[in-house]
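Just below is one structure, and these are the notes that go with it.
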Amino acid sequence: MQYAVPRGTKDILPADSFVWQKIEAACRKIFALYNYMEIRTPIFESTELFTRSIGKTTDIVGKEMYTFEDRKGRSLTLRPEETAPVVRACLENNLIGPDLLTKLYYIGPMFRYERPQAGRQRQFHQAGVEVFGSNDPLLDAEVIILNLQLLSEIGLKDLEVDINSVGCTKCRPAYRKKLSEYLKDNIKHMCADCQERFINNPLRVLDCKETKCQKYIENAPASSEVLCEECKTHFEKVVGWLDGLMVRYKVNNRLVRGLDYYTKTTFEIVSSKLGAQNAVSGGGRYDGLVEELGGKPTPAVGFAIGLERVIEIMTNDKYQILPAGRQVTNEGRIIIYFATIGEEAKKIGFDMLQKARSRGVSADMDYLGKSLKAQMKVADRAGAQYVYIIGDDEIKKQSAILRNMQTSDQQDMSFDRLFDELKI
RNA sequence: GCGGCCUUGGUGUAGAGGCAACACAGCAGAUUGUGGUUCUGUUGUCAGGGGUUCAAUUCCCCUAGGCCGCCCCA
């Protein structure tokens with residue numbers, strides 16, 4: 001084989017694209033129900049946008065970005081996530097403002113340079129929403145509910161919502177300090193990664209799965225103990241709304257997401273039906289990001305769903321939500337197939353073919369000079385409801401054979417009556 | 001970036017240091033102007049490179065890719 005797709009990328013072939021179409025349709029439907037409008041931004045942005053928003057010490061910025069220089073030496077980066085580009089676009093086009101609630105959604109590819117494995121590719125797809133302009137805890141709850149409704153619309157079950165509050169610019173430094181003080185005495189017993197994290201971003205130590213670190217993490221001060229009054233009441237209200245709406249969730253004090261812009265609420269939806277990469281979606285509030293990127297202070301919430309992970313669950317044989325691949329011969333692709341024998345018939349067939357198409361009737365014919373038998377077979381596989389068979393005799397009569405492929409009935413049907421008779 | 005497993009026709013699978021097998025799909029024919037059944041024929045040199053050997057697709061090494069775990073995240 002001469003060429004192969006770049007590592008960590010995949011072709012979505014005709015046999016699989018119907019799954020993607022189904023998911024995208026579900027996303028658009030649910031987003032519309034909640035009054036979100038679509039935004040599309042470029043695949044690449046200036047590198048600065050991401051380093052500023054996501055944070056220099058994060059893994060994404062530190063080692064996962066596809067960054068390159070263009071011909072004029074500008075540093076550009078293939079978007080690793082979509083929140084920062086959406087904020088940028090909103091600021092640039094004045095989409096957000098005081099007393100204005102802006103609700104946007106997106107669907108598209110993202111890029112991160114990571115070691116590929118199940119549920120993790122270098123080009124992957126996310127669908128997500130961003131809401132700007134309100135700090136109402138009910139909105140946090142609504143976004144979570146929207147997320148859940150979308151996943152259940154797609155057909156996913158047995159999902160778990162993990163939720164936490166990481167505080168705000170007022171209380172996070174205090175928590176960081178408290179955590180650092182606690183870790184200072186214990187860090188020497190913890191793993192090498194944690195020692196690194198301790199220096200760069202102590203919060204992320206809480207995320208460590210290393211067994212020898214667990215006991216220290218368990219005893220670490222929880223963020224909930226240190227939240228300021230505002231963050232504390234905000235969090236209580238969010239979970240209060242979730243309780244009232246009968247949403248099942250789990251407060252997880254160790255949920256620290258890998259992007260620095262989050263404030264207050266963070267959440268993740270995980271599925272037990274996935275392997276190590278078990279997060280189907282994740283999101284939270286980021287009240288400081290708009291200002292960080294040059295706008296007026298504007299509260300915001302959002303989430304992103306990992307579409308490959310959704311599809312992994314949907315197409316997993318064990319769960320039977322959708323059959324995996326191999327749907328090339330899905331029935332009903334075309335209404336009528338024009339089978340022709342000879343050059344003259346081909347010419348007439350093509351005229352009729354175009355006439356059918358111009359009337360909005362999907363139709364096709366042979367371009368490979370196949371035998372009639374083979375043309376019938378192709379028509380069958382394309383799911384044609386009718387085949388119109390044109391040969392020399394038919395040209396003389398100006399009337400050809402119309403075969404109903406379901407019933408196998410055949411009748412003579414003159415050229416000029418065909419479309420009226422079929423009511424197409 | 002680290003560790004483990006894997007890589008055979010279009011697809012899914014056998015196999016053994018020295019004729020590469022099976023199923024399905026595809027194409028053609030049986031039915032010389034007709035599909036979905038049946039039968040027949042046909043499509044590969046075993047990811048790429050190097051080494052061991054009289055001989056490797058089968059053993060060893062490297063590279064690439066896939067999968068699984070760590071890390072991280074969607």
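Throughout, protein chains are lettered first and strands after them, A, B, ... in sequence-line order, and every chain is numbered starting at 1.
Listed by first and then second residue, the ring pair (Phe, Tyr, Trp, His ring centres under 6.0 Å) pairs that reach into residues 119-140 of chain A are Trp20(A)-His125(A), sequence neighbours excluded. Sorted by first and then second residue, the side chain to side chain donor-acceptor pair (under 3.5 Å) pairs involving residues 337-353 of chain A (not counting sequence neighbours) form an empty list.
Taking atom CD of residue Gln117(A) and atom C1' of nucleotide C73(B), one finds them 10 Å apart after rounding to whole Å. Arg381(A) has its CZ atom 18 Å from the P atom of G10(B), to the nearest Å. Taking atom CZ on Arg122(A) and atom C1' on G1(B), their separation rounds to 11 Å, with Å as the unit.
Judged as a ring pair (Phe, Tyr, Trp, His ring centres under 6.0 Å), and not counting sequence neighbours, the contacts of Tyr66(A) are Tyr113(A). With sequence neighbours excluded, the residues that form a ring pair (Phe, Tyr, Trp, His ring centres under 6.0 Å) with Tyr261(A) are Tyr286(A). Contacts of Tyr105(A) classified as ring pair (Phe, Tyr, Trp, His ring centres under 6.0 Å), with partners at least two apart in sequence or in another chain: Phe31(A). Residues forming a salt bridge (charged side-chain N to carboxylate O under 4.0 Å, His left out) with Asp11(A) (at least two apart in sequence, or on another chain): none. A search for ring pair (Phe, Tyr, Trp, His ring centres under 6.0 Å) contacts involving Tyr182(A) returns nothing, not counting sequence neighbours.
Contact annotation for Gln375(A): no contact, since no heavy-atom pair falls under 4.0 Å across all strands. Nucleic acid contact for Arg7(A): sugar-phosphate only, since backbone atoms but no base atoms lie under 4.0 Å from a heavy atom of the residue. In this structure, Glu82(A) reaches neither bases nor backbone, as no heavy-atom distance under 4.0 Å exists between it and the strands shown. Contact annotation for Ala304(A): backbone-only contact, meaning every heavy-atom pair under 4.0 Å involves sugar-phosphate atoms and none involves a base.
When each of G33(B), C68(B), G66(B) is scored by its nearest atom to the side-chain atoms of Ile341(A), the top-ranked nucleotide is G33(B). Side-chain atoms of Ile401(A) lie closest to U34(B) of the nucleotides U34(B), G66(B), A74(B).
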Could you list the protein-to-nucleotides 36-40 of chain B atom pairs, N/O on both sides, closer than 3.5 Å?
| residue | atom | partner | partner atom | Å |
| --- | --- | --- | --- | --- |
| G36(B) | O4' | Asp380(A) | OD2 | 3.3 |
| G36(B) | O6 | Ser408(A) | OG | 3.1 |

Canonical and wobble pairing (Watson-Crick, G-U, under 3.5 Å) of RNA chain B, dot-bracket with |: (((((((..((((....[..)))).(((((.......)))))....(((((..]....))))))))))))....
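Contact check, Arg120(A) against C73(B): no side-chain N or O comes under 4.0 Å of OP1 or OP2. Between Arg115(A) and C71(B) there is no side-chain polar atom (N or O) within less than 4.0 angstrom of OP1 or OP2.
In this structure, the separation between CD1 on Ile305(A) and SG on Cys27(A) is 5.5 Å, given to the nearest 0.5 Å.
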